[in-house]
Student: 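First, the structure itself, so that you have it in front of you.
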Amino acid sequence: MPVNHLKTILILLVSALLGIGFLMIYSSSTMYAADRYGDSYYLLKRQLIWMSVGAGLFLLALHIDYHWLQRRSRLLLLLGIILLISVFIPGLGHSGGGARRWLSMGGVGLQPSELVKYLVIVYLADLLSRRQKTINSFFSGFLPPLAVIGLLCVLTIAQPDLGSAMTIGVIGLLMLYLGGARLTHLGCVALAVLPVLVVLVARVGYRMRRILAFIDPWADPKGTGFQIIQSLIALGSGGPLGLGLGESRQKLFYLPAATTDFIFSILGEELGFAGTALVITLVIGLVIVGFAISRRADDLFGSLLAQGITAMLALQAMVNMGVSSGILPTKGLPFPFISYGGSNLIVSLMAVGVLANIAAHQDSECRYQRGRRQENWRIGDGGWGMDREEKGRGGRGPKS
Amino acid sequence: MFGRAHNTRSWIIVGLFLCFSGLLLFRLFSLQCLQHSRYSIRARNQHQSTNYLPPHRGRIYDCRGNMLAASVPSFSLYCIPRLIEDDQVEEIASTISPIIGIDEDRLCRRLSGSGWFVWLKRNLREDTAAAIRELDLPGLALKQEMKRVYPKGSMLSQVIGFTDIDGNGLEGIEWKFDRQLRGHPGWMVTEKDSKHREASWFRSDNVSPIDGCNLFLTIDEVVQAIAEEEIDKVYLEYGAKWASVLVMEPSTGRILAMANRPTYDPNNYSSSDADQRRNHSVSDLIEPGSTFKVFPAAGVLDAGLVAPETEFYCEDGAFKIGGRLLRDSHPHGVLRFDEIIQKSSNIGMAKVGMLLGRVDLYKLLRKFGIGDRTGIELPGEVGGILRPPHRWSKLSLRSITMGHEVSLSPLALLTAFSALGNGGVLLQPRIVDRIESPSGEVIYRYNRKEKGAVVSSDTARVMLKILRKVVMKGGTGRRAQISGYEVAGKTGTAQKLDPNGGYSHSLYRALFMGMLPASNPRFAILVVVDEPHPYYYGGVVSAPVFKKIAERIIRYMDLEAPEATEET
């Protein structure tokens with residue numbers, strides 16, 4: 001199977017999600033925007049700008065060899081850490097919803113944690129692909145990446161942004177798992193993190209209430225359970241085929257964050273089970289394509305990077321849908337390509353660009369480079385090569 | 001070996017994502033397909049609202065189409081305490097308190113709480129409503145309502161009555177004809193956002209209200225205004241307890257004016273008391289006193305027992321009858337029948353009454369409708385009190401001929417009197433002329449209704465001729481005379497019943513009833529002044545009121561003075 005088909009499918013899937021997202025933002029934001037900014041299309045216009053910027057960065061990422069990232073992974077991570085810290089600098093940092101998550105630059109807000117989520121993937125993919133031999137060792141293989149993950153988590157928790165911190169933690173551990181870390185090590189970390197998490201949740205009132213509301217939203221339907229109940233009403237009243245595009249009632253300020261964290265509920269209300277099932281199918285498609293790309297990647301770095309990016313996108317989408325449908329406690333994670341919001345959209349599109357670039361590298365045009373990379377490949381993971389051989393795609397060793 | 005593990009791990013991650021997707025699909029299927037109806041109901045309860053659209057309550061007009069009562073759209077302010085944060089309450093209260101004139105503490109109490117609907121102020125003025133809309137405060141909203149207005153203020157207020165703030169007729173015509181006036185509300189099913197604002201593009205049913213019917217009264221606004229003005233003067237001048245004027249058209253039974261004092265403004269009915277709202281003309285039982293002498297006299301005349309020239313000895317002012325001494329205010333010797341009425345001699349009248357006898361007198365009075373309700377389309381009408389003859393005492397006959405031991409409403413008195421102006425045929429008095437649909441077609445017309453002949457038309461004509469003498473020289477009602485016009489009238493000065501028993505010697509009721517022109521009466525007027533001070537004679541207090549009203553009505557109706565019938 002020609003690899004660039006994967007790239008095409010990937011781009012089609014993302015375009016489909018973007019299209020659905022654009023429609024849903026159009027539907028869910030106009031009332032809010034008219035009420036808040038006096039311009040029905042205020043949010044839509046902004047999203048369109050973000051989309052164009054994102055598309056530009058997507059093309060940029062698509063045409064820059066992803067190994068560029070590998071060479072600069074440590075530098076990029078450092079940049080990420082600086083950005084995270086700069087949120088706390090008065091004048092630069094900007095609060096929103098009780099947390100300093102934003103960097104304000106010329107009236108444009110940016111959320112560094114969105115970028116850091118992917119920078120940590122790049123960093124770990126590089127580190128793990130280079131340290132395959134020592135990964136089994138706790139101190140020289142496992143601890144250094146864990147320390148980096150820990151540092152990033154602490155910085156994001158300090159904002160406080162537990163959601164992003166957990167995402168970074170989860171994606172970090174996922175990378176370690178995929179990179180071949182020992183299960184015993186991972187298990188120990190999980191056991192150590194759990195009590196910390198419990199304390200973090202139990203100590204802060206609103207987090208605890210969210211958990212309780214998740215367990216029984218009807219216990220306090222006017223208070224903490226309100227959001228989840230409104231979300232369920234939106235989904236449930238949509239029915240199998242939905243009320244029709246633009247017919248949502250819940251977007252009339254019943255459902256908070258209807259354009260961002262709970263846009264999936266509005267989608268379910270307007271497009272019904274047909275719509276939600278379609279979106280889930282698209283996300284499943286994205287996961288399969290992403291992992292297929294990773295399996296055909298030229299080297300371990302590319303493979304890990306592809307898996308990390310795919311997992312990151314899927315994780316956010318799944319958590320978002322899980323929260324909307326009430327099977328996960330309320331945690332504000334955007335739905336990539338669908339939720340309103342610039343930082344996430346731009347970063348996600350950039351990440352997809354990298355993913356597409358990894359896919360494109362398997363193209364015949366890059367034969368030379370591929371040959372060169374496969375030398376590195378053998379050092380890292382013989383098993384991967386075997387897998388490729390079984391598929392009958394290309395041989396091992398340099399082609400020259 | 002390691003490579004395998006790595007590969008397997010990728011599969012495990014993909015598998016986990018697939019599992020979670022499956023879980024999501026299952027959950028969404030359950031929510032959106034299996035529990036759809038349940039959530040739809042919840043959603044509808046939350047979004048949908050049915051608004052009732054108030055109809056225009058029917059208008060009330062006088063007989064010439066002048067508007068007496070109408071409904072106009074107005075705005076009422078309410079709040080949704082649930083949408084107001086606790087820390088906003090005081091700020092909102094202090095902002096709107098000066099605008100709507102409710103003190104801050106009360107406002108705070110209404111604004112806080114968890115209700116969905118609390119009235120703040122009903123029926124705001126246009127500019128106030130606009131000012132509040134301008135402020136755009138959270139949790140405050142305006143609702144369109146209908147406000148009942150009475151453009152003529154206190155005029156005819158006891159007759160028209162009023163509605164409460166929700167448009168329910170409470171008194172008078174407004175109460176009696178509430179069902180005809182009220183109309184049917186329309187409704188509109190619409191959806192609202194979480195701040196209770198209408199999302200008009202989701203509006204579904206939109207049924208217009210059906211406006212109420214319009215009512216046309218027989219009242220003539222000009223005549224009513226004249227009556228109101230004149231009764232007001234006498235009410236104040238004599239410090240009366242109450243006063244009332246009725247103007248009726250004898251040939252049709254139409255009531256042209258019905259004015260009462262004290263009065264009130266129905267636009268502000270809550271600050272009035274029950275006495276101000278009382279329609280004394282129909283709701284009070286009065287002993288008519290000497291005015292009542294007209295009826296036995298007509299009966300005796302009709303029976304052919306006397307002629308106007310028949311003479312009676314009036315005992316020089318003191319006559320012992322039934323063991324009691326009966327007195328005249330001025331002693332008379334021999335009086336002719338017409339002079340008895342002219343001078344209102346009690347003794348003469350008692351003798352006239354005795355000619356008729358108990359049973360015939362009773363039957364006659366019943367034919368005049370005394371003891372019954374007239375059946376006018378007004379609430380609160382009282383019947384009369386006329387005991388049957390077998391329950392009369394020895395004194396009853398002479399008392400009744402003088403207008404005591406019998407009581408009736410002023411309306412019933414004038415109605416009976418008007419029969420003489422209508423050729424002896426009693427009519428049902430009417431105050432509502434017709435009911436029209438909002439588009440102007442007549443739905444129902446209250447026609448002239450005869451209740452039967454009481455006396456012959458000859459008797460009626462002779463009786464009126466006799467009554468003309470009352471306002472002439474030597475009569476008790478000279479002050480009611482209008483030069484150039486034939487006024488037929490009768491005075492009455494009724495002693496009021498003393499609460500301690502017997503008749504009071506200090507509390508009187510001054511009456512005058514009259515009609516003109518006597519040959520073909522166009523209108524009949526009854527003036528009742530209750531407890532006037534210091535003068536109390538009907539001829540002194542009430543007759544001049546009759547004269548003033550009649551003169552002004554003559555000018556208004558442009559009646560010509562009949563030629564050469566003047567006898568002074």
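Lettering of chains follows the sequences in order, A, B, ..., and the numbering in each one begins at 1. Just so you know, these numbers come straight off a predicted model, no measurement behind them. These values consider heavy atoms only, across backbone and side chains, with no hydrogens, waters or symmetry-generated copies.
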Student: Which one wins on heavy-atom pair count under 4.5 Å against chain B: Q250(A), R249(A), M321(A)?
Tutor: R249(A)
Student: When you check the gap from the basic side-chain N to the acidic O, do R57(B) and E174(B) get nearer than 4.0 Å?
Tutor: yes
Student: Please classify the contact between A43(B) and chain A as side chain, backbone, both or neither, with a heavy-atom cut-off of under 4.5 Å.
Tutor: both
Student: So which part of L286(A) gets closer than 4.5 Å to some heavy atom of chain B, the side chain, the backbone, both or neither?
Tutor: neither
Student: Taking the six-membered ring of Y269(B) (Phe, Tyr or Trp), confirm whether the NZ or CZ of R148(B) is under 6.0 Å from its centre and within 45° of its axis.
Tutor: no
Student: Given that the side chain runs from C-beta out, which part of A234(A) has a heavy atom under 4.5 Å from chain B: side chain, backbone, both or neither?
Tutor: neither
Student: Which bit of L24(B) comes within less than 4.5 Å of chain A, counting heavy atoms only: side chain, backbone, both or neither?
Tutor: both
Student: Just wondering, more than 12 heavy atoms not from E91(B) lying within 6.0 Å of its CD?
Tutor: no
Student: Specify which of G239(A), G322(A), A317(A), G268(A) makes the most heavy-atom pairs with chain B at under 4.5 Å.
Tutor: G239(A)
Student: Got a sec: does the CZ of F117(B) have more than 12 other heavy atoms crowding it under 6.0 Å?
Tutor: yes
Student: Are D211(B) and R59(B) within salt-bridge range, i.e. N to O under 4.0 Å?
Tutor: no
Student: Under a 4.5 Å heavy-atom cut-off, does chain B meet the side chain of I233(A), its backbone, both or neither?
Tutor: both
Student: Who wins among E191(B), K192(B), H36(B), R38(B) for the most heavy-atom pairs under 4.5 Å with chain A?
Tutor: H36(B)
Student: Closer than 3.5 angstrom, by distance alone: can the side chain of K251(A) be matched with the main-chain N or O of I266(A) as a donor-acceptor pair?
Tutor: no
Student: What part of Q230(A) gets closer than 4.5 Å to chain B, counting heavy atoms only: side chain, backbone, both or neither?
Tutor: side chain
Student: For T163(B) and N168(B), indicate whether the former's side chain and the latter's backbone hold a donor-acceptor pair under 3.5 Å.
Tutor: no
Student: Counting heavy atoms not belonging to Y26(A), are there more than 12 under 6.0 Å from its OH?
Tutor: no
Student: Measuring heavy-atom distances to chain A, does I12(B) have an atom under 4.5 Å in its side chain, in its backbone, in both, or in neither?
Tutor: side chain
Student: Using non-hydrogen atoms and a 4.5 Å limit, figure out which bit of L235(A) sits close to chain B: side chain, backbone, both or neither.
Tutor: both
Student: Between L241(A) and chain B, which part of the residue has a heavy atom less than 4.5 Å away: side chain, backbone, both or neither?
Tutor: neither
